[in-house]
Amino acid sequence: MEDKTKEELIEELEKLIFLIEEAIEGIGLVDPEENFIFSNLAFDKIFGVQEGKLAGRNLSEFMTPEVFKVIKGETEKRKRGEKSSYEFEIIREDGERRQIAISAIPNFDKEGNYSGSFSFLHDITERKTTEEALKESREKYRLISENTSDIIALATLSMKSVFEYLNPSVRSLGYKPEELVGKLCFDIVHPDDKKNLLLLLKKYIKAKAEKLFTGEESNIGKRVETRVKDKTGAWHYLQSTINLVENHLLIIAGDITERRKVEEERQKVGKLESLGILAGNLAHDFNNFLTGVLSNISLAKTQVDPEDKIYDILTDSENAAKSARSLTQQLLTFSKGGEPIKERISIKELIKKSANFVLSGSKVKCIYNFQEGLWPIEADPGQISQVISNLVLNAVQAMPGGGVVNISAKNVKTDESLPQKEGRYVKVTIQDSGTGIPETYLMKIFDPFFTTKQKASGLGLSIAYSIVKRHEGDIIVNSEVGVGSSFYIYLPTLVKEAKKEEKKAEETLRGSGRVLVMDDMEFIRKAVSRALSQFGYEVIGTPNGDETIRLYREAKESKEPFDVVILDLTIPGGMGGLDTIRELKKIDPEVKAIVSSGYSDNPIMSGYEKYGFKAAVLKPYTSEELVKKVKNVIEGT
C-alpha cells in the first residue's frame, strides 16, 4: 500500500514538473540574494539563455544597478511576508532590452526563515511598446487639436446634446472652452438651422441603436453648414463634419464666413451681368429714340419766348424725356462691362446737388460734414449722382415720419475693412436714424429686384452697388433694427494730374465749322443737323461708314474739309464708328472725331482717346450738350 502511494506521489510530482516546464509563463525560484535556483524553459527564454544555464547566476547580471536597487527593495518586502508585483527592465544575454512584469511570492523554511521567492514572469515588451505608441499618438492628437484652426468639439449623443470638450480654437468665436463645456450645443446655433440639426441627431441616435442591436457599423460622417453665434452676438458660418463615435458626437468645424461673403459677392455680380445683357440691348434702342426727342425739344425751346405757354409745355416734355433718360441710364448700369465715362469731379458739390434734389418736399433734412481739401475723384458724374440719390432716397423711405440724414466725406487710405487694392479713397458716409435693416436681409439688399417695400422696383441699391464696383470702389452697410443704417462708399481718388482749364467768363455755344454726322437713323441725323445749324454750324448727314469715308475724302480733296466728324458706334449691317475712324485716319491722321452711342458699357465710350477719338457723347443728349461737345473739339479745349 505504501509502495503504491509513493508511486502515485511520484506520478503526481512528474505531472507537476511537466506542467511547470511546459508553461508559457516564466516560473523560477531565487534565493535570498537573488541567485537563480530553478527556472523553467519559458523563464530561460525571457532572459535569452540556454535551457538550464540560468541556475547559479545572479539577477543583477541582467539589469542596470539602478534597476537592481529597486528590486532589492521589493525583496525586503518579501522578507516581511509580503507578495509583490511590479515591472522592470532586463538586459538579455544578447544585449536586447525587454520589459518584464513579475509576481513574486515569498518562501520560508520550517524555522520561518526567508529562503527566497517563487517568481512568475511575463514579457510585456510588445504591450509596453503599444502603450507608448498609443501615448505618443494621443499626444500628437492633443497637439493637433490644440493647435489647429478648426474648432473640435465632443458632445453627448442625445436630443439635448451637451458640450463635453472643446479645443482652444473656439476662442475664435470669443469663448473660452470652459465657458461652453456643459452647455447645450443648440444655445449658440441659429434658430433657422436648428431643425436640420435635430433631424441629423435623430438619424444618428437611430444609427447608434441599430449598431447596438445588429452590430452594423454606424460611425458615419455628415458635413453640414451651420450658423453659430459668437460671444458678441454676431453670426458665423461654420462648415462642420459630424461623426458618431460610440455615445458621442465628434464635431470638426471650420469658419467659412469670409468664403461665404466672397461667394455671395460673385453671385451678386453674376445676377447683375445676366440682367445687364437684356437691359443694355433695350436701353440702347430706347436711347436712340430719346436722342431725337430730347434734342428736338431742347432746340424748340430756343425758338420760343420763355413767357409763352408753349415754352412751359416744352419744358415739361423735356423734363419727362430727361426722366426717361435717367431710367435708361439705370438699366445701362447693368449692361455687361458697364464702364463709366469718367471725368474729374468734385464730390462735395455733386453730393449736395444730388441729395437736395431727393430731399426736396420731404420731411427729412440733411446735415453735411465735409473734410477740408477733399481729394478730387475721376468718375462718371451721372452715375455717382445716381448712387447718392438712391441711397438718400433709401434713407428717406426708412424714416416715414421725418428725420435727419447725416452725410459726410473724408479722405482715407486703404483700411482693413476695404477689400480693395492699396491706395487713396474718398469715403462718403450716408447715415439715417430709420427703421434699420433686419440681419436676415443684409445679405440680400444689393440683389436686383430685392425689396421689402410696396411699389418699389428693388433696383435702387443694386444699381448703387454696381456703379461703385465699376468705379473700382466699394460699398459697405451697417444696420441695426430700430437704430438706423449707415452706408459707406469708397471711391478711388484721381491718380493723374488734372488738366488746367481756363473757362471764359461768358461761354457761348455759337461757333462755326463743317460737321459730318454718321447715324443709321434718319430722325437722329435730322435732329443733330437742326441743333448744330441753329448755332452756326454746317451739317451733312450719312447713314453708314462707306458713305462717310467717301464724303470726307471728297471734302478734303476739294479743300473744304470737315472740321469734326460725329460717328455712331453701332451701324446694323454696316461699318460702325470704330472701323470708320480707322479708315478716316488713313485719309487724314489729324481727323477730329466724336464717338456717339446708346451703349455706355462699351469700353470705347470710356476710353475713346485710345481708339483715336477726341470726345464721346452718350445718347440721349440735349442739343446744348451736343453743341458744346462739338465746339470744344473744334477749338481743342
For [X] and [Y], which heavy atoms make the closest approach, and how far apart are they?
{"X": "Val627", "Y": "Ala531", "answer": "CG2-O, 3.9 Å"}
{"X": "Asp519", "Y": "Arg525", "answer": "O-NH1, 2.6 Å"}
{"X": "Ile345", "Y": "Ala379", "answer": "CD1-CB, 3.9 Å"}
{"X": "Ile430", "Y": "Ile388", "answer": "CD1-CD1, 4.3 Å"}
{"X": "Asp255", "Y": "His236", "answer": "OD2-ND1, 2.9 Å"}
{"X": "Ser354", "Y": "Ser389", "answer": "CB-OG, 3.7 Å"}

When you look at [atom1] of [X], are more than 12 heavy atoms from neighbouring residues, nucleotides or ligands closer to it than 6.0 Å?
{"X": "Ile587", "atom1": "CD1", "result": "yes"}
{"X": "Lys585", "atom1": "NZ", "result": "yes"}
{"X": "Lys410", "atom1": "NZ", "result": "no"}

Verdict with supporting geometry, Tyr621 and Lys619, side-chain contact (heavy atoms from CB on, under 4.5 Å)
CA-CA 5 Å; Tyr621 43 75; Lys619 296 177 181 178; 3.8 Å; yes

Tell me the ring-ring contact (aromatic ring centres under 6.0 Å, His included) pairs involving residues 530-573, sequence neighbours left out?
none

Option among [options] that satisfies the side-chain contact (heavy atoms from CB on, under 4.5 Å) test with [X]:
{"X": "Tyr488", "options": "Asp474, Val412, Thr429, Val428", "value": "Thr429"}
{"X": "Leu567", "options": "Thr548, Ile594, Thr542, Val595", "value": "Thr548"}
{"X": "Ile467", "options": "Ile489, Asp380, Val387", "value": "Val387"}

Regarding Tyr368 and Asn356, is there a side-chain donor-to-acceptor distance under 3.5 Å anywhere?
yes

